[in-house]
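Just so you know, ligand 1 is whichever comes first in the structure, and atom 1 is the first atom listed for that ligand. Both backbone and side-chain heavy atoms feed into the values below; hydrogens, waters and symmetry mates do not.
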Amino acid sequence: MAADERWWQPMPAVSGPLRAGAAPTPDRYRWMVESVQEVIFEADPTGAWTYLNPAWERLLGHKVEDSLGRGFLEFVHSDDQQANLDVFLEVVATGKEKCRFSARYLKADGEILHMEIHAWIFRDADGHPLGSTGTLTDITDRVRGEEMLRHRAMHDSLTGLPNRSQLTEHLTAQLVRSRAEGTAVSVVFLDLDRFKMVNDSLGHDRGDEVLMTVAHRLQRTIGPDDLVARFGGDEFVVVLQEQDVRRVTALVQRLRSSVAAPLDVAGRRLALSFSAGIRTVNQGDATETSIEDLVVHLLRDADAAMYGAKEAGRDRVHSFDDDLRHAILGRLDTEADLRHASDRHELVLELQPQVRLDDGATYGYEALVRWEHPTRGRLLPSLFIDVAEETGLIVPVGRWIVEEACRMIAMQPASVLPRLSVNVSARQLGSGLVADVSEALREYGVDSGRLCIELTETALLADIDRARASLGALADLGVKISLDDFGTGYSSLGQLQRLPISELKVDRSFVGRIGTGPGRALVSAVIGMADALGIDTVAEGVERPHEALALTELGCRAAQGYLYGSPGPLCVQAALPAQRAEPQTRSPVDH
Ligand code: C2E
Ligand code: MG
Ligand code: MG
């Protein structure tokens with residue numbers, strides 16, 4: 001007889017067909033019990049086995065005759081024994097009739113089986129237990145399946161690191177512990193420096209390879225009680241059970257060295273670095289805040305500190321401090337106020353002339369938004385555009401700006417205001433910009449050729465496919481498109497070629513360096529590249545005559561900057577009712 005057939009009982013002989021309602025014979029009952037897949041057991045009041053069907057040996061590999069008389073707990077994984085004993089004692093004590101629980105059982109070869117146990121208790125007339133009977137069902141496949149699903153839900157599929165959900169869960173548990181036991185928690189927010197450049201130049205597959213290597217390096221550097229999660233893109237978060245600033249900083253330094261080790265990808269040697277923000281929380285910190293909110297605040301604060309590290313030049317670590325706390329609170333105030341700024345007519349567009357370098361004629365203006373804040377005074381865009389972008393407020397604010405610009409164009413003859421350029425943010429591209437522009441053009445009856453949309457390289461590259469679709473639709477409307485701050489991003493010639501761009505604005509940082517050899521070479525290269533693509537160039541931030549001269553020599557045909565006029569204070573206030581108004585008494589040219 002083959003080993004796996006040893007349990008098999010020959011089927012008892014049956015005379016005549018089985019009929020509904022006719023009870024099986026004792027032979028057939030026995031055959032059923034001995035041939036089912038589940039373990040069927042009987043145990044005495046102490047929990048020792050008194051009967052086990054052959055499935056016991058088949059599933060677990062223990063011989064039935066060696067197992068009888070031994071307590072059921074002997075076969076349960078040591079980590080589950082206490083819980084199983086508690087269930088058993090509770091059932092005996094409370095007079096329950098049946099119970100169901102699960103446990104890990106150990107096979108004879110040491111492997112683990114997950115079992116679900118259903119037990120019924122026999123009692124005498126006084127309720128004293130006489131023993132039990134029941135089944136053990138192998139649920140290993142189900143448990144493993146659930147474990148796999150849970151693993152997938154909790155891990156990042158690329159790097160295998162914990163994902164955001166697990167990070168939140170872990171951080172929540174650490175904070176609960178921190179409050180109860182006085183332990184400390186530190187959150188480190190890491191963002192790889194210039195990862196976008198790696199992705200753009202080497203391709204996404206190579207970028208993924210880099211991320212996997214970084215994940216591995218971070219993982220092997222942290223301690224056994226720490227956690228590193230992939231937060232998204234090239235952002236990672238490390239949670240440490242540590243508050244001593246020096247020790248946290250020391251660990252972050254180890255992370256930096258580990259990530260900085262040379263990495264060969266696609267035949268190139270990469271030197272990676274990251275910027276990091278640290279936020280530490282102590283037991284007494286913000287006890288009035290719910291744990292849920294605290295998780296959000298910690299991540300936000302560490303992210304803000306990381307952002308500070310980026311701003312300070314990348315490849316460095318910043319800790320969250322009081323200054324940052326005030327800055328964040330300030331941003332929250334800005335956000336709250338900005339919600340009402342356009343309704344309260346506090347936004348204003350100022351115009352700055354754009355001139356032709358050969359004859360000095362003004363061929364257009366750029367509209368620059370300002371906020372007349374009721375208590376903080378006049379605010380430049382650097383103080384609120386970021387907040388508007390992060391919160392999505394840029395969409396309604398941007399809509400107002402487009403509409404206002406069209407209204408201004410409609411109020412002036414083309415001889416006075418030939419063209420007006422409006423800055424738009426990446427976020428607007430996917431949020432109805434095309435519809436807003438066409439609606440505003442139609443409402444004010446404006447010739448679309450007099451409107452130009454300025455978009456930065458970074459905004460363009462944030463989602464190139466979406467940008468291409470939106471820019472295509474804008475170009476179809478007849479609107480001009482200008483690429484702002486050119487040279488500060490990483491767009492390649494190939495990427496620009498397929499976009500309907502009519503103008504490149506050479507960033508003012510290049511113009512400022514035009515007096516130096518390398519600076520001049522760079523501007524010359526940009527102008528040459530734009531010429532080759534049939535795109536006009538406008539130099540931004542031209543302040544001094546020698547810059548204008550150098551630009552002319554290099555073949556740049558247009559310029560904008562304080563040398564020709566600052567952004568003008570006179571613009572139509574948002575307070576004026578939107579209307580197809582009569583031309584203003586003062587034109588933008590006057591200021
Ligand atoms: P940008 O579009 O590159 O605008 C040019 C900035 O350079 C303006 O700063 C302008 O005042 C300043 N500028 C002009 N000439 C000179 C010069 O000769 N020297 C120097 N040093 N600076 C000069 P501003 O108005 O503070 O705007 C900053 C940025 O804010 C803009 O950069 C643009 O990216 C953004 N922004 C402005 N208005 C809007 C808007 O309506 N919507 C959106 N989304 N962004 C806007
Ligand atoms: Mg601009
Ligand atoms: Mg610019």
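By the 4.0 Å N-to-carboxylate-O rule, Asp359 lies close enough to Arg356 to be salt-bridged with it. For Arg399 and Glu404, the salt-bridge test fails: no basic side-chain N is under 4.0 Å from an acidic carboxylate O. Looking at Arg557 and Asp358, no side-chain N of the basic residue comes within less than 4.0 Å of a carboxylate O on the acidic one, giving no salt bridge. Salt-bridge annotation for Glu389 and Arg427: absent, with no side-chain N of the basic residue lying under 4.0 Å from a carboxylate O of the acidic one.
Protein residues are said to neighbour a ligand when one of their heavy atoms lies under 4.0 Å from it; for ligand 1 these are Gln352, Glu366, Leu368, Val369, Arg370, Pro381, Ile385, Ile394, Ile401, Asn423, Val424, Ser425, Glu454, Asp484, Asp485, Arg508, Glu540, Gly541, Val542, Glu543, Gly561, Tyr562, Pro567.
In this structure, Phe231 has its ring center closer than 6.0 angstrom to the ring center of Phe189.
For the residue pair His373 and Thr375, a side-chain donor N or O sits within less than 3.5 Å of a side-chain acceptor on the partner. Between the side chains of Thr159 and Asp156, at least one donor N or O lies within less than 3.5 Å of an accepting N or O.
In terms of the ring-ring contact (aromatic ring centres under 6.0 Å, His included) criterion, Phe274 has no residue partners (sequence neighbours excluded).
Excluding water, every protein N/O/S atom under 2.8 Å from the Mg ion (ligand 3) is given here by residue and atom: Asp484 OD1, Asp485 OD1, Glu540 OE1, Glu540 OE2.
Within a 6.0 Å radius of CD in Glu543, more than 12 heavy atoms belonging to other residues, nucleotides or ligands are found.
Evaluation of the side-chain hydrogen bond (donor to acceptor under 3.5 Å, both in side chains) test over residues 519-539, restricted to residues two or more places apart or in two chains, returns Arg520-Glu553.
Residue-level check: among N/O/S atoms of Glu366, OE2 sits closest to the Mg ion (ligand 2).
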